[in-house]
Amino acid sequence: MNLPPASPSPFLSVLDGALLDPPPLWMMRQAGRYLPEYRQVRETAGDFLTLCYTPALAAEVTLQPIRRFGFDAAIIFSDILVVPHALGVDLSFAAGEGPRLRPVADAAAIAALPDTLNPARVEPVYAAISQVKAALPREVGLIGFCGAPWTVATYMVAGQGTDDQAPARLLALREEETFARLIDHLVEASIAHLKGQVAAGADAVQIFDTWAGVLDPRSFERWCVGPLGRIVSALKAAYPKVRIIAFPKGASLEGLEKIVATGVDGIGLDWTADRVALARRFGTRVALQGNLDPLCLIAGGAALDAEIGRIREDLAGARHIFNLGHGIKPETTIAHVERLVEKVREKL
Ligand code: CP3
């Protein structure tokens with residue numbers, strides 16, 4: 001068999017087909033408020049969006065968790081809501097309240113969305129990626145990202161985060177074709193934004209579908225699987241070597257099967273996933289990334305050690321990338337992250 005040359009990066013090697021023990025490790029939201037050095041830069045920047053749009057600062061906070069913990073991948077510091085912002089949607093982050101957007105909730109507002117991303121919003125992201133790339137050791141992979149069209153649409157239609165994503169679900173039920181136009185628009189915008197990140201130096205991209213789990217199977221197929229398939233095809237056509245990880249949080253085993261069929265290189269698993277069934281189902285067809293409950297990392301102690309051990313054992317025969325099942329929480333103790341790094345890299 002003609003194997004591709006092994007990547008110097010364990011993270012990228014697993015996405016390219018290798019099975020490694022110990023598994024490579026990174027954490028969703030690894031640059032963030034649990035780190036004192038992040039809080040300091042965040043204060044200097046003043047607000048979250050200024051931090052996202054100032055390349056030197058975004059690059060600095062992207063590198064902080066790599067320096068402190070030696071993770072195997074860096075994820076560019078940005079936000080999934082940069083895409084609607086670059087489509088002209090007003091966006092702000094009020095302290096402690098999460099995002100606020102000018103709602104895009106009817107046919108007229110959707111038709112008025114521009115076809116191209118505002119360079120003033122996306123170029124700083126690409127500049128930050130180039131800066132991080134120049135500073136990273138070759139063994140550390142660099143991840144770009146975007147939100148999946150469905151998840152981004154839930155924020156655009158509601159104008160904020162919601163518990164049950166009811167505004168977007170209702171629009172999809174009442175005006176299916178109108179909602180489809182919004183999703184189509186976001187597919188094109190996501191492709192453009194991911195291409196920009198890969199051109200700037202991202203080795204892999206992750207597509208965050210945080211709210212995939214609230215949809216019935218038919219809607220999941222229409223609003224999550226179909227759009228993801230279009231993004232994967234377009235990105236791989238432009239950049240055949242780019243690795244793509246999908247994170248459809250809350251998806252069922254059957255749902256994940258459809259996500260894998262889009263041609264992604266890896267799937268992110270939340271902590272509710274049945275790891276043993278997944279390892280059996282997918283074998284080494286795709287990399288499995290996850291899936292420690294972020295609350296285990298708050299709890300620490302014996303609960304943390306035991307769960308890390310179970311995850312490594314359950315996924316020992318799989319192409320495993322160790323990660324959390326969702327983003328790290330701001331109240332997480334640094335000593336627990338240090339323990340995680342030690343346990344994940346221990347010889348079994
Ligand atoms: O993973 C990383 O370290 C990279 C950076 C990153 C951020 N957001 C930084 C951020 C990534 C990959 C995201 C993705 C994101 N953003 C998602 C999908 C993943 C997920 O967590 O479900 C979503 C839904 C968003 C939208 C968003 N951004 C919300 C709902 C919030 C407010 C809630 C919160 O956690 O504060 C944000 C703000 C945000 N994005 C922060 C960070 C570090 C906190 C802002 C601050 O520093 O005050």
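In this chain, numbering begins with 1 at the start of the sequence shown. Keep in mind it's a predicted model, so treat the numbers as computed, not measured.
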When you check the gap from the basic side-chain N to the acidic O, do Asp265 and Arg319 get nearer than 4.0 Å?
-> no

Show your working on side-chain hydrogen bond (donor to acceptor under 3.5 Å, both in side chains) between Gln289 and Trp26 and close with a plain yes or no.
-> CA-CA 10 Å; Gln289 177 176 279; Trp26 69 282; 2.9 Å; yes

Indicate, with yes or no, if Phe69 and Leu25 share a hydrophobic cluster defined by side-chain heavy-atom contacts under 4.5 Å among Ile, Leu, Val, Met, Phe, Trp and Tyr.
-> yes

Out of curiosity, does Ile308 fall in the hydrophobic cluster containing Leu295 (side-chain heavy atoms, cut-off under 4.5 Å, transitive links)?
-> no

Are the aromatic rings of Phe77 and Phe48 close, with centres under 6.0 Å apart?
-> yes

Report yes if the distance between the aromatic ring centroids of Phe179 and Trp223 is under 6.0 Å, otherwise no.
-> yes

Give the C-alpha distance, both sets of side-chain angles, the deciding distance and a yes or no for ring-ring contact (aromatic ring centres under 6.0 Å, His included) between His193 and Tyr126.
-> CA-CA 9 Å; His193 192 41; Tyr126 310 149; 5.5 Å; yes

On the 0 to 90° scale, with breaks at 30° and 60°, tag the Tyr155-Trp211 ring pair as parallel, tilted or perpendicular.
-> tilted

Taking the six-membered ring for Trp, are Trp271 and His326 parallel (under 30°), tilted (30 to 60°) or perpendicular (over 60°)?
-> parallel

Of the options Arg310, Lys343, Glu342, which is the one that meets Asp305 in a side chain to side chain contact (heavy atoms under 4.5 Å, CB included)?
-> Lys343

Ser13 side chain to Ser7 main-chain N or O, any donor-acceptor pair under 3.5 Å?
-> yes

Decide whether a cation-pi geometry holds between Arg121 and Tyr53; the criteria are a distance under 6.0 Å from NZ or CZ to the six-membered ring centre and an angle within 45° of the ring axis.
-> yes

